[in-house]
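Letters go in sequence order (proteins before strands), and every chain restarts at 1.
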There are 2 protein chains.
Amino acid sequence: MRFSHQRESIQSIVYSTNSHPTADWVFQKAKKVVPNISLGTVYRNLKQLEDVGLIKTIYDGNIARYDWNQAPHDHLKCKECGELIDIELIDDDVRRKVKNKYQFEVDDVKMVIIGTCHKHKNKGK
Amino acid sequence: MRFSHQRESIQSIVYSTNSHPTADWVFQKAKKVVPNISLGTVYRNLKQLEDVGLIKTIYDGNIARYDWNQAPHDHLKCKECGELIDIELIDDDVRRKVKNKYQFEVDDVKMVIIGTCHKHKNKGK
DNA sequence: ACTTAATTAGTAATGATTCCTATTATTATT
DNA sequence: AATAATAATAGGAATCATTACTAATTAAGT
């Protein structure tokens with residue numbers, strides 16, 4: 001994989017935020033640096049960056065979001081504001097249990113906890 | 001919500017399988033019962049059935065799958081065959097931890113464990 | 001500088017899902 | 001059983017996210 005100005009920009013954009021951006025959000029930001037970058041380039045590079053292990057993809061419903069955080073972690077999703085919040089539960093238990101009970105070789109545990117964040121607790125009813 | 005032949009068929013199709021079918025799979029089956037049913041009807045009814053709490057939606061990557069199983073459970077996804085396998089880990093721990101640590105009201109925990117199922121363990125390398 | 005192949009912009013194509021509208025069917029009421 | 005009110009439908013168009021295609025560009029080795 002050789003150097004490209006576009007990929008460098010895309011990577012630094014993803015690395016600049018904790019907001020788990022979508023491809024389109026990255027595209028909008030990238031245009032400010034590389035004015036005539038195309039959306040296809042953004043997708044292609046996001047995929048390459050994932051292949052190389054520099055970013056991770058999170059599926060939020062049926063839309064892809066990207067995350068620079070490589071450490072194993074999970075997400076809280078608030079159904080009021082839609083925000084994805086990083087959390088660390090550190091449960092190696094899950095891996096062990098699954099391996100023993102289901103003879104399943106675990107690569108990755110993707111957990112999203114749906115609910116209401118502290119900012120919106122009262123708006124529930 | 002009033003009765004419809006279409007919705008009844010769609011529900012019984014989802015309830016007839018453990019394969020976590022996609023909308024299109026349900027559509028193909030439904031055509032055998034209601035020959036000129038339309039895909040839009042399938043989507044509309046799947047959503048209604050979910051609203052009413054009769055089925056659940058699982059996002060498998062960026063494609064929606066439907067599940068009749070209302071009991072809290074998680075899924076193993078084999079990256080070789082793509083199959084989604086139901087599992088029960090029963091960890092109320094997660095709910096408690098999240099509630100205390102992050103002041104987050106938990107509605108649902110969606111966990112998908114990616115890896116290799118016992119049928120494909122050797123094919124890994 | 002020259003060559004080679006990876007990368008790009010721009011656009012067309014795809015696939016899943018939603019939206020729109022005239023018609024049909026269910027349910028309550030007479 | 002006929003009527004009225006309106007939820008639900010079929011069929012197709014529209015949308016949204018993502019991928020594929022292609023000629024032109026560009027990084028990097030020689």
Side chain proximity check, Glu8(A) to Phe3(A), heavy atoms < 4.5 angstrom: yes

Val34(B) backbone acceptor or donor facing Gln6(B) side chain under 3.5 Å: no

Side-chain donor-acceptor contact under 3.5 Å, Asn69(A) with His20(A): no

Same apolar cluster (I L V M F W Y, side chains within < 4.5 Å links), Leu39(A)/Ile63(A): no

Atom pair distance, as rounded to whole Å: CD in Glu8(A) and P in dA28(D): 11 Å

Value in whole Å for how far the C1' atom of dT9(D) lies from CG of Asn36(B): 9 Å

Lys/Arg N to Asp/Glu carboxylate O, Lys56(B) vs Asp67(B), below 4.0 Å: no

Modelled atom types, side-chain donor and acceptor of Gln48(B) and Asn45(B), under 3.5 Å: yes

Sequence-aligned protein contact record of nucleotides 25-30 of chain C, with B where the base is within under 4.0 Å of a protein heavy atom and S where only the sugar-phosphate is: BBS---

Residues Lys121(A) and Glu80(A) bridged, charged N to O under 4.0 Å: no

Ring centroid separation His120(A) to His118(A) under 6.0 Å: no

Distance, rounded to the nearest Å, where Leu39(A) contributes CG and dT18(D) contributes P: 9 Å

d(CD, Gln6(B); P, dG11(D)) in whole Å: 11 Å

Five-pair end axes of the helix from dA1(C)-dT30(D) to dT30(C)-dA1(D), angle between them (10°): 30°

Gap between atoms CZ and C1', on Arg7(A) and dT26(D) respectively (whole Å): 12 Å

Whether Thr41(B) side chain and Ile37(B) backbone form a donor-acceptor pair below 3.5 Å: no

Integer-rounded Å distance: dA17(D) P and Asp60(A) CG: 12 Å

Residue-level proximity of residues 41-54 of chain A to DNA chain D when a heavy atom falls under 4.0 Å: Tyr43(A), Lys47(A)

Any donor-acceptor N/O pair, Trp68(A) side chain to Leu54(A) backbone, under 3.5 Å: no

Hydrophobic cluster identity match, Tyr66(B) and Trp25(B), side-chain contacts under 4.5 Å: yes

Sugar-phosphate, base or nothing in reach of Ile37(B), heavy atoms under 4.0 Å: sugar-phosphate

Distance, rounded to the nearest Å, where Phe27(B) contributes CZ and dT18(C) contributes P: 15 Å

Interatomic distance, Ile10(A) CD1 vs dT8(C) C1' [rounded to whole Å]: 11 Å

Earlier contact from the 5' end, DNA chain C, for Tyr66(B) and Val34(A): Val34(A)

